[in-house]
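To start, the structure itself, in structure tokens.
Each residue takes its place number in the sequence, starting with 1.
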Amino acid sequence: MEGETSWNSHCIDDMSKDIGEFDSFSELSDEGNKEMIISVDLILPDDLLERILAYLPIASIFRAGSVCRRWHEIVSSKRFLWNFSHFLSQKPWYFMFTSSDEPVGYAYDPILRKWYSIELPCIQTPNWFIASSCGLVCFMDNDSRSELHVCNPITKICKKLQEPPGIKFSDYSALSLSVSRTSHNYTISIVKSKQVPGNFLQWDLSIHIYDSETMMWATSLTEVLTGWRGGDESVICDGVLYFLIYSTGVGTPENRHSLVAYNLSSRSSPLIRSLIPVPGPLTCGRLMNLKGKLVMVGGIGKPDRPDIIKGIGIWVLNGRNWVEVGRMPHKFFQGFGELDDVFASSGTDNLVYIQSYGAPALLVFDMNQKLWKWSLKCPVSKKFPLQLFSGFCFEPRLEIAP
């Protein structure tokens, strides 16, 4: 099917157009009409060839590595990986789960507008918690919420982490990951929330932090919230952990959600002092880090029916105020439905992906151009009415390992 490409760790099919000009060429000699094959190996020095290959889209790098031994050695070298990460800014990919039972699906490359069939390491079911940052993805199981893996989905390099502290079976958990683009060290946070026995209004909330340098977990905060509970949405942005909390009391639609800003350095407490109101009657709030800015995608609830959304908006947090940067046009919104919690959304760099749970359709919003467009159609069809789809965004990178 058009747009679909099979991926493995050695090569990618149908990529010859990207590197065809660099392969080889031949010409006829005047003496004896002998054909002389002039290879690129005899023309370009290693450093120049590295620079040329470093400008290829990441999918084409695997194809380039299968051309000859020299090219394979070049694209596998540490120097090439450094050049590749500095010369070309790769657009984030989106992995779409196409099964409700197995962690299988396709990854979308917005540069080549292709879907690749890839296998994710570590994860066992699509309903695991997932967080990504700078080429790494963290998976946490949805049952005990104690099994965690950090991996590079492109290179398949994976690392299992020790079990986090705190309540093992929490009612709600929010997972986030932040990777340093300079040192490649990473921080993982888990916000756990569990109802106090016999008290509907009070919830035990705890924050647990993992540091890849020390390879240790630490419980950063434990607190009892009254009238609020944690959820499953969080992100680390510029050293601050942001997560949504939800009202457990009876209030107006504008007060059903709030945002907590928790500084990972100062570790301020109590949390209630750092609450940031959300922009209006929000539903389906999704948080993401786009170039150091906190971005939220959310359904805009109807004032009289907060469980019904009348549109989808995108906001950027500026200080403690939200600035709306995009509102989904009605022609696109019709494909998402009007019920609460009907879409997934994630993004990085300058792209925001929004996907309906009910169909394999993927909408892309470019933050720079303020442009909405559908991705190339995913090579999968809905097999039964209740089939659900979900997914996550990640940066395709070769040089970063957990």
Can a donor-acceptor pair be found, under 3.5 Å and without considering hydrogens, that links the side chain of [X] to the backbone of [Y]?
X      : Y      : result
Ser193 : Gly230 : yes
Ser206 : Gly166 : no
Tyr94  : Asp109 : no
Asn152 : Lys156 : no
Gln162 : Met215 : yes
Lys192 : Pro165 : yes

Roughly how far, to the nearest 0.5 Å, is the [atom2] atom of [Y] from the [atom1] atom of [X]?
X      : Y      : atom1 : atom2 : answer
Phe333 : Lys331 : CZ    : NZ    : 15.5 Å
Ile245 : Arg229 : CD1   : CZ    : 10.0 Å
Ile154 : Ile118 : CD1   : CD1   : 5.5 Å
Met288 : Ser346 : CE    : OG    : 6.0 Å
Cys237 : Leu294 : SG    : CG    : 5.5 Å

- Message: Among residues at least two apart in sequence or on other chains, which ones pass ring pair (Phe, Tyr, Trp, His ring centres under 6.0 Å) with Trp322?
- Response: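 Here no residue qualifies.
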
- Task: Could you pull out all residues at least two apart from Phe169 that satisfy ring pair (Phe, Tyr, Trp, His ring centres under 6.0 Å)?
- Result: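 Ring pair (Phe, Tyr, Trp, His ring centres under 6.0 Å) list for Phe169, sorted by chain: empty.
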
- Query: Do other residues, nucleotides or ligands put more than 12 heavy atoms under 6.0 Å from the CG atom of Asn368?
  - Reply: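 Atom CG in Asn368 is crowded, with more than 12 foreign heavy atoms closer than 6.0 Å.
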
- Message: With disulfide bond (SG atoms under 2.5 Å apart) as the rule and sequence neighbours excluded, what pairs involving residues 155-227 come up?
- Response: Cys122-Cys158

- With sequence neighbours left out, the residues meeting side-chain hydrogen bond (donor to acceptor under 3.5 Å, both in side chains) with Ser375 are none

- Apply side-chain contact (heavy atoms from CB on, under 4.5 Å) to Leu177 and list each qualifying residue two or more places apart in sequence or on a separate chain.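 Result, side-chain contact (heavy atoms from CB on, under 4.5 Å) vs Leu177: Ala131, Ser133, Leu136, Cys138, Val179, Tyr186, Ile188.
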
- Under the salt bridge (charged side-chain N to carboxylate O under 4.0 Å, His left out) test, residues paired with Glu324 that sit two or more places apart: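 With sequence neighbours excluded, Glu324 shows a salt bridge (charged side-chain N to carboxylate O under 4.0 Å, His left out) to Arg327, given in chain and number order.
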
- Item | Contact check, side chains of Trp128 and Pro126, non-hydrogen atoms, under 4.5 Å | no

- Message: Any non-hydrogen side-chain atom of Leu282 less than 4.5 Å from a side-chain atom of Trp315?
- Response: yes

- Task: Give a yes or no on whether the ring-centroid distance for Phe139 and His149 is below 6.0 angstrom.
- Result: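 When the ring centroids of Phe139 and His149 are compared, they turn out to be at least 6.0 Å apart.
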
- Does the ring center of Tyr108 lie less than 6.0 Å from the ring center of Trp93?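 Between Tyr108 and Trp93, the centre distance exceeds or equals 6.0 Å.
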
- Can Thr222 and Leu205 be said to form a side chain to side chain contact (heavy atoms under 4.5 Å, CB included), step by step? CA-CA 6 Å; Thr222 58; Leu205 187 141; over 6 Å; no

- Item | salt bridge (charged side-chain N to carboxylate O under 4.0 Å, His left out) assessment of Arg181 paired with Glu395 | CA-CA 12 Å; Arg181 294 188 180 274; Glu395 294 184 50; 2.6 Å; yes

- Message: Angle between ring planes, Phe392 versus Phe97, binned at 30° and 60°: parallel, tilted or perpendicular?
- Response: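 Tilted.
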
- Query: Relative to the ring of Phe365, is the ring of Trp372 parallel (under 30°), tilted (30 to 60°) or perpendicular (over 60°)?
  - Reply: tilted

- Query: Between Pro110 and Lys91, which heavy-atom pair has the shortest distance, and what is it?
  - Reply: CG-CB, 3.5 Å

